[in-house]
Amino acid sequence: QVQLVESGGDSVQAGGSLRLSCTASGFRFRSQCVGWFRQAPGKQREGVVGFNTGGGSTYYADSVKGRFTISHDATKNQLFLQMNSLKPEDTAMYYCAAERTSPACATAFLDRAFRYWGQGTPVTVSS
């Protein structure tokens, strides 16, 4: 059984930083299309960043470019999302996702087409 568990969400002030983690069980992140998504209250879930852990392009939402960074630790089988210069509009529930269900990682990120999702970790940024 595949399980993705996010952690690291917290309440911070604008300008602060957080590092989110996603730990997988029953699944290896190696050479997989993975992503971080977020959903604010009353809004659709949106892609934050996606990439293939085996190499290739990284896809960032315009709103987070230059502030957020995705990374992967193959030894620990974890994904990370480093979030810097946080803004109130970054407030949302953050989810990790893995194993694309569309032909390409780019389209999986755009279409939110992933087989496995975590339960989310909340991030609140106050002004």
Side-chain angles (χ1 to χ4, degrees):
Q1 183 180 357
V2 174
Q3 205 171 18
L4 303 180
V5 179
E6 301 93 339
S7 61
D10 205 346
S11 295
V12 297
Q13 289 201 325
S17 297
L18 283 174
R19 188 191 195 208
L20 305 185
S21 300
C22 174
T23 302
S25 57
F27 182 83
R28 300 296 301 180
F29 284 131
R30 184 175 300 173
S31 297
Q32 290 285 343
C33 178
V34 296
W36 283 96
F37 294 78
R38 66 186 181 187
Q39 187 166 16
K43 293 189 176 182
Q44 272 198 326
R45 190 171 298 188
E46 63 174 358
V48 175
V49 57
F51 83 146
N52 191 306
T53 59
S57 299
T58 301
Y59 314 101
Y60 285 98
D62 288 341
S63 59
V64 307
K65 281 180 182 176
R67 300 188 298 122
F68 290 12
T69 304
I70 190 171
S71 61
H72 164 238
D73 186 324
T75 302
K76 296 181 179 179
N77 201 32
Q78 287 182 306
L79 292 176
F80 302 100
L81 181 64
Q82 179 65 44
M83 306 188 296
N84 298 327
S85 302
L86 282 162
K87 304 176 181 180
E89 51 263 43
D90 295 319
T91 295
M93 186 72 79
Y94 283 72
Y95 302 88
C96 64
E99 191 169 301
R100 58 179 170 81
T101 57
S102 67
C105 197
T107 51
F109 177 65
L110 290 173
D111 297 339
R112 303 185 296 276
F114 288 88
R115 189 177 312 281
Y116 304 116
W117 292 84
Q119 293 300 305
T121 186
V123 171
T124 302
V125 185
S126 57
S127 56

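Nothing here was measured: the structure is a model prediction, and the numbers come from that model. Positions are given from 1, in the same order as the sequence printed here.
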Answer with yes or no whether the hydrophobic clustering places [X] together with [Y]; edges join I, L, V, M, F, W, Y residues whose side-chain heavy atoms lie under 4.5 Å apart.
X      : Y     : answer
Val64  : Ile70 : yes
Trp117 : Val2  : no
Phe51  : Tyr94 : yes
Leu4   : Leu79 : yes
Tyr59  : Val34 : no

Inset, instruction - May I ask you to check whether Trp36 and Phe68 place their ring centres under 6.0 Å from each other? - result: no
Inset, instruction - Measure centre to centre between the rings of Phe109 and Phe114, then say whether the value is under 6.0 Å. - result: no
Legend entry - Interatomic spacing from NZ in Lys87 to OG in Ser127 - rounded to 0.5 Å: 13.5 Å
Inset, instruction - Nearest 0.5 Å please: distance from the CG atom of Asn84 over to the OG1 atom of Thr69. - result: 6.5 Å
Say whether, by atom type as modelled, one donor and one acceptor occur between the side chain of [X] and the main chain of [Y] under 3.5 angstrom.
X      : Y      : result
Glu99  : Arg115 : no
Thr124 : Ser11  : no
Arg67  : Ser85  : yes
Thr91  : Val125 : yes
Asn77  : Phe27  : yes
Asn52  : Ser57  : no
Thr53  : Ser31  : yes
Arg28  : Ala74  : yes

Legend entry - Exceeds 12 heavy-atom contacts within 6.0 angstrom, atom CD of Glu89: yes
Legend entry - Other residues, nucleotides, ligands: >12 heavy atoms within 6.0 Å of Gln82 CD: yes
Inset, instruction - Evaluate the side-chain proximity of Leu20 to Met83: yes if any heavy-atom separation is below 4.5 Å, no if none is. - result: yes
Legend entry - Side chains of Phe80 and Gln78 in contact at under 4.5 Å (non-hydrogen atoms): yes
Legend entry - For Tyr60, ring-ring contact (aromatic ring centres under 6.0 Å, His included) partners two or more places apart: none
Heavy atoms only: give me the nearest [X]-[Y] pair and the separation to one decimal.
X      : Y      : value
Lys65  : Asp62  : NZ-OD1, 3.1 Å
Cys105 : Arg100 : N-CD, 3.7 Å
Ala40  : Ala92  : N-CB, 3.8 Å
Pro88  : Ser126 : CG-C, 4.5 Å
Glu6   : Gly118 : OE2-CA, 3.1 Å

Legend entry - Single hit among Arg112, Arg38, Met93 for side chain to side chain contact (heavy atoms under 4.5 Å, CB included) with Arg45: Arg112
